[in-house]
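Quick notes on the structure that follows.
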Protein chains: 2
Amino acid sequence: MHPPTARDEALAALRGMGERVTAPRAAVIEVLAGTAEHLSAEEVAASARGRGHDLHLATAYRALKTLSSLGLVRHTHLPGGSTTYHLSTSAGPRAHAHAACTSCGKVVDVPEEWLDDLVRRVRSEQGFELAPHHAALTGRCADCRPA
Amino acid sequence: MHPPTARDEALAALRGMGERVTAPRAAVIEVLAGTAEHLSAEEVAASARGRGHDLHLATAYRALKTLSSLGLVRHTHLPGGSTTYHLSTSAGPRAHAHAACTSCGKVVDVPEEWLDDLVRRVRSEQGFELAPHHAALTGRCADCRPA
DNA sequence: CACTATGACGCGAACCATTCGCATCTGCAA
DNA sequence: TTGCAGATGCGAATGGTTCGCGTCATAGTG
């Protein structure tokens, strides 16, 4: 009935780090564990409300920030100012960067290893440690790209 | 006295594209031509005011958007929501991408050719045409990076 | 198992960067 | 010189996110 869920894993991790396990935090984790999508804070709050939890937007932001700083959640800044969140469980999808289409807004996943050379180069020559998944790349997707 | 300035070059280009040459647009170009920095819209407006031009912030945004769409100005989205603008003249600095430190906010320039392999790969395998200079990469700079 | 204090929550207001609506003004082609 | 498409100035609106503050609950303590 209950395969070991990403949800339980994350909640256990939360507790293990000495953080409080509160209803809003659990709701956020539950929502993120229940989808493969990248959700905005607003979507997280809405989805939590749809499941019967009453989650204020500001609280969703706070929970997401906390979980991010603990490493349980990853967030990606999209051009246009919005931010998307997803769980970073061991069982989750492989690490990937994002590329957002400036025309239609579509986001495609870019395998993180495609960025390895760049990361190495920037590190060795500029001492800068890139976090490639943290901000989306931009460009034009196949559909919007000029011929 | 007057070497052919980036300012004149840009103004001529504006005119040549059949666009109106207005005082606000000229002021924006003048400000951007007068610095090697990347400026925010607010900084552009402030700097223009400092030079005696009266430039409303909304107008600065409109001018910057117009100039961007014409290719005379490039803009880069930084994490945190702000955007920086710089002239994209032939005489300007070499094309480069940006990497912003999530800790101290410092922005370092990354040679665009370091991204060539990535761009090629994403294009050939996903049909997505990256514009690497358009959004800043993120990470930790040499000073803020954990040892 | 009750008690308490630390830290989270809920709420609305505040904030920041950016955009919009609209009346007015102006560059530039005729 | 004139006409008008299009640009400006202004303030108000928007979208995303954070803050202040009074209230409430988790989790360690006795």
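Note that these values count all heavy atoms, side chains included, but never hydrogens, waters or copies made by symmetry. We name chains A, B, ... by the order of the sequence lines, and we start the count at 1 in each one.
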(request) Would you kindly check whether a donor in the side chain of B/Arg62 faces an acceptor in the base of D/dG9, or vice versa, at under 3.5 angstrom? (result) yes

(request) Using only side-chain N and O atoms of B/Thr59, determine if any of them is under 4.0 Å from OP1 or OP2 of D/dG9. (result) yes

(message) Between C1' on D/dA25 and NE2 on A/His53, what's the gap in Å once rounded to a whole number?
(response) 16 Å

(message) Using the side-chain heavy atoms of A/Glu19, tell me which of these nucleotides is nearest: C/dA8, D/dG11, C/dT18.
(response) C/dA8

(message) In whole Å, I'd like the distance from the CG atom of A/Leu14 to the C1' atom of D/dT26.
(response) 12 Å

(message) Quick check on the hydrophobic clustering: are B/Leu32 and B/Leu78 connected, directly or via other members, by side-chain heavy-atom contacts under 4.5 Å?
(response) no

(message) Just checking A/His98 against A/His38, ring centres under 6.0 Å apart?
(response) yes

(message) What is the distance, to the nearest angstrom, from the NE2 atom on B/His56 to the P atom on C/dC25?
(response) 16 Å

(request) Round to the nearest Å and state the distance from B/Tyr61 atom OH to C/dT18 atom P. (result) 3 Å

(message) Heavy-atom nearest nucleotide on DNA chain C for B/Val21 versus B/Tyr85: which residue maps closer to 5'?
(response) B/Tyr85

(message) Just checking A/His75 against A/His86, ring centres under 6.0 Å apart?
(response) no

(message) If I take atom CG in residue A/Leu57 and atom P in nucleotide C/dG10, what distance separates them, rounded to the nearest angstrom?
(response) 11 Å

(message) Nearest whole Å is fine: how far is C/dA29 C1' from B/Arg15 CZ?
(response) 14 Å

(message) At 4.0 Å (heavy atoms only), tell me whether B/Thr83 reaches a base, stays on the sugar-phosphate, or touches nothing.
(response) sugar-phosphate

(request) Name the nucleic acid region contacted by A/Ala58, choosing base, sugar-phosphate or nothing; use a 4.0 angstrom heavy-atom cut-off, strictly under. (result) base

(request) State which of D/dA25, D/dT17, C/dG27 makes the closest approach to the side chain of A/Arg20. (result) D/dA25

(message) So A/Thr22, base contact, sugar-phosphate only, or nothing? Heavy-atom distance under 4.0 Å.
(response) sugar-phosphate

(request) Would you kindly give the CG-to-P distance between A/Asp54 and D/dA25, to the nearest whole Å? (result) 13 Å

(request) For B/Ala63, answer base if it contacts any base atom (sugar-phosphate contacts may also be present), sugar-phosphate if it contacts only those atoms, and nothing otherwise; contact means non-hydrogen atoms under 4.0 Å. (result) nothing

(request) Using only heavy-atom distances, determine whether the side chains of B/Thr138 and A/His134 contain a donor-acceptor pair under 3.5 Å. (result) yes

(message) Classify B/Arg25 by what it touches in the nucleic acid, base, sugar-phosphate, or nothing, heavy-atom distance under 4.0 Å.
(response) sugar-phosphate

(request) Assess whether atom CD of B/Glu42 is packed by more than 12 heavy atoms of other residues, nucleotides or ligands within 6.0 Å. (result) no

(message) Using whole Å, what does the distance between atom C1' of nucleotide C/dC16 and atom CD of B/Glu43 come to?
(response) 14 Å

(message) From the set D/dG9, D/dT18, C/dG10, return the single nucleotide nearest to any side-chain atom of A/Lys65.
(response) D/dT18

(message) For a quick check of understanding: with a heavy-atom distance under 4.0 Å over all strands, which category does A/Ser40 fall into, base, sugar-phosphate or nothing?
(response) nothing

